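Here the structure comes first, spelled out in structure tokens, and everything after it is commentary.
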Amino acid sequence: LAPLNLAFDESRELVDALAAIPNVVGASPRLRFVGKLGNGEYSSMIVALGVDPLTERKVVPMAPGEDNASFSPIMSGEPMTSADAEEIAVSDEIALGLALKVGDLVTLLVKTPEGAMETADLTVRNIFRFDDPLGNKQLAIIPLKTAQRLLHMPNRITAYAIGVHDLRALNETIGATRRVIRDGSMPLVALDWNELAPYYRDVVAMQDGVLA
């Protein structure tokens, strides 16, 4: 779910090169990992995303844990504001299972790439609902710098999320993105939504076929 051995260094040069591609809104760094979240009595395995709230909000304005004028997945609490705050956003199913509310203190336990165990006490900043049922059972969001510090991975990430202006030009944008990373020094790949979420791609194709 979160192979930290595939992490790479954040690169300002790469972000600038990606942002220069026509149709690209920007690129937001992410660090994906697994951990165990506990309230002192119960605990649950989670899949967490470390994100920079400011860049993530620009690239994915309807991301879990973010406010948006037309659609807000936040059920209670406030959006994250800092990349190094000691806070966490949890899905409503995680909150229900661990009896959490905004302002509660939780403990996140992780295993670093070197095999050490680390913990952090985080304050629940907001509770959100994610449209993907599986994701809503296990997804939590924490500030990127906090995640990097907890995992002993300074300036390391596992992906850039790239936003686009016009989905009709997605194929051309993917091609341009692949050319940029091919010319770079890091062995990266660019995947579009259909490749990242093949289950939903197939559901859409089936519904299109049935409903013509």
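The structure displayed is predicted, hence computed values, not measured ones. The figures here come from the full heavy-atom set of this structure, side chains too, leaving out hydrogens, waters and symmetry mates.
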- Message: So Arg32 and Val47, do their side chains get closer than 4.5 Å, heavy atoms only?
- Response: yes
- All pairs passing side-chain hydrogen bond (donor to acceptor under 3.5 Å, both in side chains) where residues 154-164 contributes a residue, at least two apart: Asp9-Arg156
- Task: Can you sort out the partners of Ser43 under side chain to side chain donor-acceptor pair (under 3.5 Å), two or more places apart, ordered by chain and number?
- Result: none
- Query: So Met117 and Val110, side chain to side chain contact (heavy atoms under 4.5 Å, CB included) or not? Walk me through it.
  - Reply: CA-CA 6 Å; Met117 305 304 292; Val110 301; over 6 Å; no
- Query: Do the non-hydrogen side-chain atoms of Ile181 and Met186 ever get within less than 4.5 Å of each other?
  - Reply: no
- Query: Short question: side chain of Asn126, backbone of Glu78 - any donor-acceptor pair under 3.5 Å?
  - Reply: yes
- Message: When you compare the side chain of Pro143 with that of Glu87, does any pair of heavy atoms fall below 4.5 Å?
- Response: yes
- Strictly by modelled atom types, are Thr173 and Asn23 linked by a side-chain donor-acceptor pair under 3.5 Å? yes
- Item | Rounded distance (nearest 0.5 Å) linking atom CD1 of Ile88 with atom CG of Leu100 | 8.5 Å
- Note on the structure: In terms of heavy-atom contacts, Val90 and Ala140 come closest through CG1-CB, 4.4 Å
- Does Ser91 have any side chain to side chain donor-acceptor pair (under 3.5 Å) partners at least two apart in sequence or in another chain, and if so, which? none
- Task: Decide yes or no for Ile174 and Thr177: does some side-chain heavy atom of the first lie under 4.5 Å from some side-chain heavy atom of the second?
- Result: no
- Message: Under 3.5 Å, is there a donor on one side chain and an acceptor on the other for Glu114 and His152?
- Response: no
- Item | CG on Leu49 to CD1 on Ile142, rounded to 0.5 Å | 9.5 Å
- Query: Can a salt bridge be assigned to the pair Arg12 and Asp16 using a cut-off of 4.0 Å between side-chain N and carboxylate O?
  - Reply: yes
- Task: Take Arg179 and Ile21 through the test side chain to side chain contact (heavy atoms under 4.5 Å, CB included) and record every step on the way to the result.
- Result: CA-CA 10 Å; Arg179 287 191 291 274; Ile21 297 173; over 6 Å; no
- Message: Between the side chains of Glu86 and Lys145, is the shortest nitrogen-to-carboxylate-oxygen separation below 4.0 Å, so that they form an ion pair?
- Response: no
- Query: Is there a donor-acceptor contact under 3.5 Å from the side chain of Ser82 to the main chain of Asp84?
  - Reply: yes
- Note on the structure: In terms of heavy-atom contacts, Val180 and Ala17 come closest through CG1-CB, 3.8 Å
- Message: With a sphere of 6.0 Å drawn around CD of Glu13, does it hold more than 12 non-hydrogen atoms of other residues, nucleotides or ligands?
- Response: no
- Item | With sequence neighbours excluded, residues passing side chain to side chain donor-acceptor pair (under 3.5 Å) with Thr107 | Asp121
- Query: Are Leu4 and Leu151 close enough, and set up right, to give a side chain to side chain contact (heavy atoms under 4.5 Å, CB included), and what steps lead you there?
  - Reply: CA-CA 10 Å; Leu4 294 179; Leu151 290 162; 4.0 Å; yes
- Message: We want to know whether Asp104 and Asn39 form a side-chain donor-acceptor pair, criterion being a heavy-atom distance below 3.5 angstrom.
- Response: no
- Query: NZ of Lys36 to CE of Met45: how many Å apart, nearest 0.5 Å?
  - Reply: 6.5 Å
- According to the side-chain hydrogen bond (donor to acceptor under 3.5 Å, both in side chains) rule, which pairs have a member within residues 191-200, sequence neighbours left out? Asp132-Tyr200, Arg178-Glu195
- Message: Within the 4.5 Å heavy-atom criterion, are Ile94 and Asn136 side-chain neighbours or not?
- Response: no
- Do Thr146 side-chain atoms and Ala85 backbone N/O form a donor-acceptor pair below 3.5 Å? yes
- Item | Distance (rounded to the nearest 0.5 Å) between Ser185 OG and Leu14 CG | 8.5 Å
- Note on the structure: Here the pair of heavy atoms bringing Pro29 nearest to Leu144 is CG-CD2, 3.7 Å
- Message: Checking His165 now: which residues fulfil side chain to side chain donor-acceptor pair (under 3.5 Å) with it, not counting sequence neighbours?
- Response: none
- Would you say the side chain of Leu108 lies within less than 4.5 Å of the side chain of Ile46, judging by non-hydrogen atoms? yes
- So do Glu56 and Arg30 actually touch side chain to side chain, heavy atoms under 4.5 Å? yes
- Starting at CD1 of Ile127, measure out to CD1 of Ile74 and round the result to the nearest 0.5 Å. 10.5 Å
- Looking at side-chain heavy atoms only, is the closest gap between Pro154 and Gln148 below 4.5 Å? no
- Item | Separation of Glu172 CD from Asp166 CG (nearest 0.5 Å) | 9.0 Å
